[in-house]
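Below you'll find the structure, written out as structure tokens, and then a few comments.
Since this is a predicted model, take the numbers as computed values, not measurements.
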Amino acid sequence: MLFSVSAFGGPQGHIGLMMKMFVRNRRILTEEELVEAFAVCQLLPGASSTQTIAIIGYRRGGIPLAILTLLIWIFPAACLMGGLSFLVHHFGGSDIHPEFFRFLHPMAIGFLLYAASLSYKTAINNTITRVILIISFIATYLFFKTPWTFPLIILLSGVVTNFSSKRIPQKETPGRIIRWTSLWVFIGVFVLAGFLSETARTQKWENRRAFNLFENFYRFGSLVFGGGQVLVPMMYEQFVVREKTQYMKGEELMTGAGIIQGIPGPNFSLATYAGGMAMRKEGPLNQFLGCIIGTFAIFLPSALLIFFFYPVWENIKKYAIIYRSLEGINAAAVGLMAASAIYLSRDLSLFHFNIQSTTNLFVIIGTLATLSFGKLPAPLITLVCLLLGWVL
């Protein structure tokens, strides 16, 4: 729960806090294991930070603990965004950027730089990993907004390190039985949701909007690469532009997109807000139902995919071709984190040499230094940044 209420900055920022809380403080897993989990999640569609959290829970207690971990992780952000859907009319639908949130962005960059620096020590140790680091850094920075950038870099980096036969897997490692249940559920729900949504629309069911929303959000969660930022244009096209599903105004959606950047937890919780807004004209009970549908449908694909893919990954990575790929995958993950930090800092105008830019730079450096050399808990760092925004 402590992580859920202090994890700001999207998936790139979350990895730094995970490194601090779960690796250095609690030693739940090693740096290499967390970087590997982060990289694996970049190969899959859905909420990458949510999937990484699920892996941490899965490693500790199997699927039951992973599900509990997911619920705790999602709950605070979903409650905040669901509540916003009930209150947004009080703000006139304007884009909201509370001043006391403004230092959370540079703080998240500090967390990300901390994760990259810590991972660098274990992942970058020879010529090929340095080359992969540089190329992945440049490619990520140049094509950051392209959805296929992250998985493509991870895949190509894994291929490159297979040209060396020096890294070999453990011999005579027993294989595990692959459980296909979650994958079949993922596919089955996708097909069933589409069928019911279309049937409800053509036959004009009274509660057809609920079925349509579930299909919309499940489809988004199944197909989106690149994190919560990619959800905004998809939702805008679906809920603002399309005449038949014009559930909200553009400024109303962008209000939620602005607020989600200033609250802890997964950015995919924007679906909670959008679901509530889509159902708000049908009464408070149906609006609450819309929040539930948005939350459940957007995160379900991420959970089903990771529950299938991660056990398979744990099995196949013992093979030589996969085992050697880990060297490139881990090096690419460091490049992704470093480039993300630089890219996300572009909006902060760090070198305009005014009070705002100087303070932002101070927050980034202070966060990185505190995480690296200090003992201040991560939630207190968040609190300090919030207070700084309120005071200044």
Besides L152, the hydrophobic cluster formed by Ile, Leu, Val, Met, Phe, Trp and Tyr side chains linked at under 4.5 Å, directly or via other members, contains L156
Over 12 non-hydrogen atoms of neighbours within 6.0 angstrom of CZ in R130: yes
To the nearest 0.5 angstrom, please state how far the CG atom of N216 sits from the CD1 atom of I293. 10.5 Å
Do L44 and F309 have side chains that get closer than 4.5 Å, going by heavy atoms? yes
Any T50 side-chain heavy atom under 4.5 Å of W73 side chain: yes
Using a 3.5 Å distance criterion without hydrogens, assess whether the side chain of N207 forms a donor-acceptor pair with backbone atoms of A210. no
Euclidean distance, F22 CZ relative to F3 CZ, rounded to 0.5 Å: 5.0 Å
What are the two closest non-hydrogen atoms of A331 and S136, and how far apart are they? O-OG, 4.2 Å
Any chance the side chains of T295 and T272 put a donor and an acceptor closer than 3.5 Å? yes
Check step by step if side-chain contact (heavy atoms from CB on, under 4.5 Å) holds for I74 and F299. CA-CA 9 Å; I74 294 167; F299 287 108; 3.6 Å; yes
Is there a donor-acceptor pair closer than 3.5 Å between any side-chain N or O of S302 and the backbone N or O of A47? yes
Looking only at atom types and distance, does a side-chain atom of S197 sit under 3.5 Å from a main-chain N or O of G194, one as donor and one as acceptor? no
Can you see which heavy atom on L70 is nearest to which on A54, and at what distance? CD2-CB, 3.7 Å
When you look at E33 and E36, which way does the side-chain contact (heavy atoms from CB on, under 4.5 Å) test go after all the steps? CA-CA 5 Å; E33 289 168 340; E36 179 186 321; 5.6 Å; no
Members sharing F211's hydrophobic cluster (side chains within less than 4.5 Å): L192, F195, L196, W205
Under 30°, 30 to 60°, or over 60°: which ring-plane class applies to F214 and F296, parallel, tilted or perpendicular? tilted
4.5 Å side-chain heavy-atom contact, H14 and S48: no
Would you say V35 ends up clustered with V131 if hydrophobic residues are merged whenever their side chains have heavy atoms under 4.5 Å apart, either directly or through other cluster members? no
Say whether, by atom type as modelled, one donor and one acceptor occur between the side chain of R280 and the main chain of Y247 under 3.5 angstrom. yes
Could I get the full list of side-chain hydrogen bond (donor to acceptor under 3.5 Å, both in side chains) partners for E31, not counting sequence neighbours? none
Describe, in one word, how the ring planes of Y58 and Y310 are oriented to each other, choosing from parallel (under 30°), tilted (30 to 60°) and perpendicular (over 60°). perpendicular
Hey, does the side chain of S325 reach the backbone of G158 with a donor-acceptor pair shorter than 3.5 angstrom? yes
Going through the checks in order, is the side-chain contact (heavy atoms from CB on, under 4.5 Å) test met by M235 and L270? CA-CA 10 Å; M235 289 185 182; L270 177 61; 4.0 Å; yes
F143 and L155: same hydrophobic cluster, using ILVMFWY side-chain contacts below 4.5 Å? yes
F38 versus T52, closest heavy-atom pair with distance: CA-OG1, 4.1 Å
Do I135 and V159 share a hydrophobic cluster (ILVMFWY, side-chain heavy atoms under 4.5 Å, transitive)? no
The reported gap from CD1 in I153 to CD1 in I329 (rounded to nearest 0.5 angstrom) is 13.0 Å
Taking F308's backbone N and O only, do any of them form a donor-acceptor pair with S182's side chain (distance below 3.5 Å, no angle check)? yes
From M337 CE over to M19 CE, what is the distance, rounded to the nearest 0.5 angstrom? 5.5 Å
What class does the angle between the rings of F186 and Y218 fall in, given that below 30° is parallel, 30 to 60° is tilted and above 60° is perpendicular? tilted
Just wondering, do T30 and V23 contact through their side chains at under 4.5 Å, heavy atoms? no
Shortest non-hydrogen separation from A116 to V334 and the atoms involved: O-CG1, 3.8 Å
Ring geometry between F239 and F217 (parallel below 30°, tilted from 30 to 60°, perpendicular above 60°): tilted
Please check this pair: side chain of R201 against backbone of E198, looking for a donor-acceptor N/O pair closer than 3.5 Å. no
Hphob cluster co-occupancy, L300 + F75, side-chain heavy atoms under 4.5 angstrom: no
Is the gap between the ring centers of F288 and F86 under 6.0 Å? no
Output yes when a side-chain donor or acceptor of S372 lies under 3.5 Å from a complementary backbone atom of A369, and no otherwise. no
For A78 and S269 the tightest heavy-atom approach is N-OG, 3.9 Å
Taking side chain as C-beta onward, heavy atoms only, is I306 less than 4.5 Å from I55? yes
Dump the intermediate steps for side-chain contact (heavy atoms from CB on, under 4.5 Å) on N286 and L289, then the final yes or no. CA-CA 5 Å; N286 282 320; L289 177 62; 4.2 Å; yes
Heavy-atom closest pair, residues S157 and G328: CB-O, 3.3 Å
Can you tell me how far apart OG (S345) and CG (L113) are? Round to the nearest 0.5 Å. 8.0 Å
Check whether any side-chain heavy atom of I56 lies under 4.5 Å from a side-chain heavy atom of T69, and answer yes or no. no
Flag side-chain contact, heavy atom, 4.5 Å: Q287 against K281: no
